[in-house]
Structure formats: C-alpha cells, structure tokens
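What follows is a short report on a single structure.
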Amino acid sequence: MAPRTHAGERGEPSPVPGLRRGRAIAQRLAQRCCPPARARMLASRLCLATLREDPADAEVVSHRLLVRAGFIHKSGSGLYLYQPLMQRVLDKVRRIIAEEIARAGGLEITMPILQERELWERSGRWALYQASRTMLTVKDRNGIEYGLAPTAEEVVTAYAASVIKSYRQLPVCFFQQHTKFRDEIRPRFGLMRVKEFIMMDAYSFHASEDCLERTYQVMRVAYLRAFARLGLSAFAVEADTGAIGGSGSHEFMIAADSGEDAIIYCPESGYAANVERAVGRIAPAAPWQAPAEPRLILTPGRSAIAELVAFLRAQGYADLGAEHVAKCFLAVALVERGGGAAPLTVAAFVRGDREVNEVKLSHAIARHGGGSVLQLRPMHPEEVRAATGAEPGYAGPLPGLGVDLVIVDQALPLDQPLVVGANRTDYHWVGFVWQRDGGRAAAQDDIVRIRDGDHSASGHRLHERRGIEVGHIFKLGTKYSAALGACYLGPDQQLHPFIMGCYGIGSSRVVAAAVEQHHDADGIRWPMSIAPFQAVVVPARPGDEAVEAAARRIYDALLAAGLEAVLDDREAKPGVKFKDWDLIGVPLRVVCGRALAEGRVELKERGGSATEVPLDRIVAEVGDRVRAAQQALLRAADAVA
RNA sequence: CGGAGCGUAGCUCAGCUUGGCUAGAGCGUUGCGUUCGGGACGCAAAGGUCGCAGGUUCAAAUCCUGUCGCUCCGACCA
C-alpha cells in the first residue's frame with residue numbers, strides 16, 4: 001500500500017504529473033479525511049452530538065443522559081445506534097467482562113445469531129418461546145425458519161457434543177459477547193429494554209453436580225469481580241429460572257429506583273431474592289367476631305375488597321379486615337401437554353390484603369399436576385362469568401366454581417372463618433370455614449407476593465427495594481444435554497448427558513446501569529475503568545496561541561504517557577466546553593488558561609474541586625490520578641470473597 | 001395484543017378547537033463582526049413532501065377514513 005499523507009505530518013503529496021491543478025484541493029481533503037497513523041482524539045473531529053435539551057421520549061436518567069451526551073442514537077423502537085463515545089465505553093465494558101470470564105476459565109467463541117428452528121424444536125423450547133412470543137424469527141429463501149438468538153443453549157450444547165467426547169475433557173466453559181434479540185413486548189427505558197442488545201453468555205459443561213457447583217461459585221465471584229472493576233455496586237439475589245429452566249439461579253442487581261425488578265432482602269440474615277421467588281412469613285390475621293354459621297349476605301356492587309370490607313363493617317362486623325377475606329384470582333394457564341400447549345383454568349386464593357405472585361403460582365400449578373406453565377393470564381370478564389356464574393368480583397370456593405384447578409395460599413387458613421364470594425352477583429358468604437362448610441377441594445401452596453414488612457424464616461424483618469438486573473447465572477443440570485442427546489463417555493464406560501450451567505451479563509445494559517448509578521445534575525460521571533476518555537484537555541482562551549500550543553503539548557504528552565486523552569480544539573467558548581465534558585462525563589479535566597502565564601494549569605476531577613498544577617507536573621499528576629482510580633477498582637475486585 | 005396519546009425544521013415545541021394568503025418560535029447549523037474561565041451578542045442565511053395514502057371542499061398542517069411509525073399504562077427478559 002502506498003504511504004498516505006496524514007494531517008500534521010507535513011509529508012509531500014505523491015507527485016502525479018498533470019494533476020497540479022487538483023493538488024491544493026487534494027491536500028486539503030487529505031488533511032481533512034485521512035486518519036493519522038495514531039488516532040488523534042480531537043473534539044472537532046469526534047462528531048460530538050451533545051443536546052442542550054432532553055429528548056422528549058426519555059424517561060429514565062440513563063436514557064436521557066446517554067442521548068443528550070451523544071452516546072446513543074435511536075434507530076427505531078428498541079433499536080439504538082452506538083455512537084463513537086458509546087463504542088469506546090462498550091469496548092471497555094466488554095473487555096473487562098471478557099477478562100474476568102476468561103480468568104474464571106472461560107474460552108471465548110462466537111456463535112451464529114441465526115439458529116435453526118429444528119434445533120430449538122429438539123430442546124422443546126421453540127414452542128415455549130413461540131407461546132411467550134419472545135423470539136424473533138426469519139425465513140430464508142428455501143423457507144427454512146430461524147430464530148434470532150435470544151440465548152444459545154441449544155447451539156453450544158450441540159457444539160460441545162461434537163467436540164467433547166470424554167469426561168477427561170471436562171469441565172469446560174465457552175463464552176461469547178454477541179448481539180442478542182428479543183421480541184420485546186414493549187421496548188423502553190433507552191438501553192434497558194431493547195429488541196437488540198449485546199450480551200455476554202457463557203455455558204459450562206460438567207461430569208458431576210459437584211463440579212457444576214464449583215464452577216457456579218467461581219462464576220459468581222467472576223461476576224462480582226467484573227462489576228467491581230466496572231465501578232458498579234452489584235449484589236446477587238436468588239432468582240426464578242424462567243424460560244431458561246434449571247435447578248438454581250441467581251440474578252445480579254444494581255440498586256436503582258428506576259429498576260424494573262423488586263428485590264426482597266434481609267440485612268440480618270443476608271437473604272436476598274427477586275420478589276418473583278421470595279419466600280417469607282406473613283403475620284397471621286387477628287381473630288374476628290364471625291357468625292357461628294356462614295351467612296349469605298347481599299353485598300350489592302361491592303366487588304372490590306376495600307368496598308366489601310367497609311360495607312360489612314357497617315353491617316356490624318366491626319373487627320373485619322381485608323385479611324379475613326379470601327381474594328380469588330382467576331386465570332387461564334397455557335400448559336405443556338403432550339408436546340403441545342393446552343389451556344387450564346385456575347382459581348388462586350390469597351388473603352384479601354395480599355396479592356398473588358404469578359410466578360410462584362405457575363410453579364404451584366406444575367407441582368399440583370397442571371403441567372409446565374408456558375403462559376399465565378388473568379381471565380377475561382366473560383371467562384369469569386362462565387367459570388363462576390357471576391359478574392367478576394364474586395368468585396368463591398363453593399363447588400359451583402368451574403375451574404380445572406384450585407390453589408390456596410398457605411397463609412389463608414382453611415379452618416378459620418372467612419368472607420368469600422358466593423359465585424353469585426352481589427352476594428358473599430360471611431363466616432365461611434373452608435373445610436367445615438364444603439369448600440371446593442384445593443391444593444395449598446405458597447403463591448403470595450412477599451412485601452416490605454413481612455418476615456424471613458429466621459424471623460427477621462424483610463425489606464423491599466428496586467433493582468436493575470445486569471446478570472443472571474443458572475444451574476441448568478441436564479435439561480438441554482438430555483433433550484439434545486449431548487453426552488460424554490464417563491469413566492464407567494457409559495454415556496452421560498452433560499451437566500450444564502449457563503451465565504449471562506447484559507453488556508450493553510451494564511452501560512445504562514453505570515449511568516444510573518453514576519450521574520449528577522450536570523451529567524454522567526463515568527467510573528475511570530469505562531470512561532470514554534480518562535482526561536480532556538481544554539484550552540480556555542480561544543485565539544490565544546500560547547494557550548492553544550500549551551494545550552496541544554499537554555495532550556501530546558498525555559498520549560505519549562499512554563493515557564487516553566482528548567483535546568477540545570473546537571472554536572467554542574470555555575463555558576460551552578465545560579458543560580459538554582461534564583455532560584459526557586470524562587473523569588479528569590485539564591484546563592489551560594489564565595494561569596498559564598505563571599506556568600500552571602488547572603486539574604479538575606469530574607464532580608470534584610480544581611487544583612492548579614505546574615506545567616511540568618501535569619502529565620505525572622493526571623497519570624497518578626488515573627492509576628489511583630484504576631487501582632481502587634482493582635482492589636475492590638480483589639476484595640470480592 | 002388491550003387501553004391512552006402523539007406524528008409540523010437536526011432538537012424542544014406552537015399553530016389544528018372555529019379550514020383561507022409567503023407555516024412560526026427557541027435551541028442547533030452556516031457566513032460576517034463584536035465577545036471569550038461555566039451553555040454570549042448583533043446582522044445575514046440555509047433548513048419543512050406539516051408521517052403516508054385516499055376523501056370532503058373553491059381551498060386542508062387544520063375536517064373525515066385508512067395506513068405506517070413512535071410514546072405512555074398493563075402481561076416477557078440481560
């Protein structure tokens with residue numbers, strides 16, 4: 001390749017006879033367009049796209065700031081283009097995650113995004129993902145149908161089966177960081193919930209449960225180390241396994257009020273779980289003055305619990321509370337039945353002051369013979385009428401209740417008097433004792449949503465807060481290997497299905513979570529490890545050649561020292577530049593301005609105070625601060641148990 | 001998919017109710033000048049098929065129908 005002329009190198013353009021005329025133009029173009037050998041990070045050439053006003057569709061902080069500071073650009077609903085600044089941050093996030101997973105023994109690979117339907121049918125997940133409609137699909141010209149990778153258990157399991165023949169090769173762990181797709185019901189919150197995103201997904205293969213358990217713990221630590229290095233304060237909580245399946249699972253959460261997940265935790269015992277899975281003890285209801293025999297009471301229009309309780313209190317049941325009412329949640333479950341999906345009607349009863357946890361209910365349905373639940377939805381009003389013979393709001397446990405399965409929460413006493421619906425519009429039974437008065441046969445189970453103020457098994461108070469899920473680890477067991485016939489030869493000369501684990505981190509979501517956790521009124525405050533630049537050099541006196549030359553020298557010296565710096569060479573007032581870099585969130589700022597005459601420049605940490613530093617010390621000082629910040633993050637990682 | 005709302009300049013929005021002339025503002029962008037350490041000012045300028053299609057009408061950004069897209073409220077997930 002012919003040597004090119006780069007801006008600032010003062011090279012002679014190649015002499016082309018007869019083209020003198022265009023030489024000046026060519027030279028100017030070359031200076032404008034040709035990238036120098038080493039990337040010069042000049043603000044004027046970075047296509048910065050800061051916005052003074054908030055975008056109209058941004059609800060959460062990370063969305064607002066990432067758009068305003070010019071990191072992401074909306075390309076469609078749930079689709080974002082990563083701008084140059086975002087690319088730099090994402091690259092760093094990916095590198096840190098990859099380093100920690102590799103440190104934990106992972107081998108990096110890249111799998112295809114298109115996955116054949118046939119493969120997914122073999123694991124049985126095609127029907128599941130179609131039923132819940134979480135997978136995007138495409139067809140090729142031959143009509144072959146593909147899913148766009150939401151995750152890659154099938155692909156990696158088939159791969160492992162083809163390369164791993166012996167227990168001697170185990171354990172092994174493969175991982176990748178690649179684009180994932182999800183047909184989101186409703187994309188929102190900027191990078192938080194999108195149709196296309198970057199995820200690190202890892203898959204481990206084992207010959208024993210013990211070995212899986214060890215790797216699971218190693219991965220748990222790798223996750224916490226990675227989050228520590230990313231400058232995020234993350235914690236693990238027990239989680240439901242959802243559509244992935246398996247026997248055990250933890251989610252990694254970033255505490256944030258804007259988070260979509262509710263977490264139940266106990267500071268005393270260390271218990272923490274996603275509310276979908278959280279278990280706890282509910283204080284029993286105080287006794288009340290119930291009639292000795294159940295009474296059918298006319299309760300016109302009192303279909304809501306609060307109205308019903310107020311009405312009955314006025315009728316003389318003065319000590320009645322919502323906790324004495326049996327609330328009925330009527331639902332239609334789509335359950336797996338003989339390879340297909342079949343509807344199953346369910347009535348779930350909880351105490352009137354509580355709510356049904358639909359995830360726990362789904363598991364209860366499976367436990368009580370309903371089959372594996374693909375989907376669960378509340379009944380439509382006409383379905384309620386068909387099942388109860390009454391308007392919605394009057395469903396009760398009498399034999400007339402026309403559903404396939406009845407499940408009662410364990411906190412709802414079957415031997416105590418309750419207020420229940422009469423399966424008749426405008427009527428309730430008061431003082432109904434389920435067991436004594438002929439309530440419909442029902443299974444008792446734990447289906448209630450735990451909330452702030454409940455107690456743990458050890459008797460400590462439970463708290464609730466919100467969080468952003470940035471990672472998830474699962475013990476899969478043999479779910480996929482057995483379905484796909486992925487086996488190794490054991491020391492016993494027999495074939496065994498792999499015992500598997502799988503592990504995911506939403507790399508692009510991590511970026512959003514970092515902004516949620518690190519921002520102020522002026523903009524983003526990136527942790528040093530993932531900031532798009534470590535330092536920005538700002539000449540603060542436009543037109544002052546001495547200032548501009550000094551800024552340029554400092555910038556060059558920072559680069560030469562191996563630091564990631566950017567020079568704000570734009571023709572703008574200092575105030576504009578300061579605002580921009582505060583918004584973008586670069587951790588260190590070197591301002592070259594009025595103190596230059598005395599041989600000093602200003603060094604300011606984002607969100608901190610400014611100090612004046614002699615010119616000959618500035619590079620060392622910036623380097624020290626960068627290293628100190630990086631080392632603090634590494635120490636935090638090493639402190640992970 | 002159900003419910004609510006919005007599509008007008010690169011961004012944030014007015015104008016629509018009650019149809020009417022060259023469709024506006026602020027920010028941003030370009031040029032010139034004055035400024036220059038926390039989003040300066042003056043002058044000039046560029047930039048719009050009013051989401052798209054059809055209809056009503058002498059006349060549509062405005063009214064009607066359809067359609068596409070987006071946002072918000074509810075059920076999935078990293």
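Bear in mind the structure is a predicted one, so any value in this text is a computation, not a measurement.
- Of the candidates B:rA75, B:rA78, B:rG37, B:rG37 carries the atom nearest the A:R541 side chain, counting heavy atoms from C-beta on.
- If you check every strand for non-hydrogen atoms under 4.0 Å, A:R509 touches a base.
- Counting any heavy atom pair closer than 4.0 Å across all strands shown, A:E358 reaches no nucleic acid atom.
- Contact annotation for A:M200: no contact, since no heavy-atom pair falls under 4.0 Å across all strands.
- Ring-to-base geometry places A:F197 in a stacked arrangement with B:rA78 (centre distance under 5.5 Å, plane angle under 30°).
- Across all strands, A:V194 comes closer than 4.0 Å to base atoms (heavy-atom distances).
- Nearest to the side chain of A:K74, among B:rU71, B:rG39, B:rC72, sits B:rU71.
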- Query: Would you write out the dot-bracket form of RNA chain B, 5' to 3', with Watson-Crick and G-U pairs under 3.5 Å, [ ] for crossing pairs, | for pairs to other strands and . for unpaired bases?
  - Reply: (((((((..((((......[...)))).((((((.....)))))).....(((((..]....))))))))))))....

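- Residue A:D544 is out of contact with every strand shown, counting any heavy-atom pair closer than 4.0 Å.
- If you check every strand for non-hydrogen atoms under 4.0 Å, A:K195 touches nothing.
- If you check distances only, the side chain of A:R193 does reach the base of B:rC76 with a donor-acceptor pair under 3.5 Å.
- Nucleotides B:rU62 and B:rU56 place their C1' atoms 13 Å apart, quoted to the nearest Å.
- Relative orientation of the A:F252 and A:F227 rings is tilted, given thresholds of 30° and 60° on the angle between their planes.
- Contact annotation for A:V591: base contact, defined as any heavy-atom pair under 4.0 Å involving a base atom.
- Cation-pi check for A:R509 over A:F197 is not met; the charged atom does not lie both under 6.0 angstrom from the ring centroid and within 45 degrees of its normal.
- Using a 4.0 Å heavy-atom distance criterion, A:V470 is classed as a sugar-phosphate-only contact.
- The CD1 atom of A:I468 sits 4.5 Å away from atom CD of A:E516, with the distance rounded to the nearest 0.5 Å.
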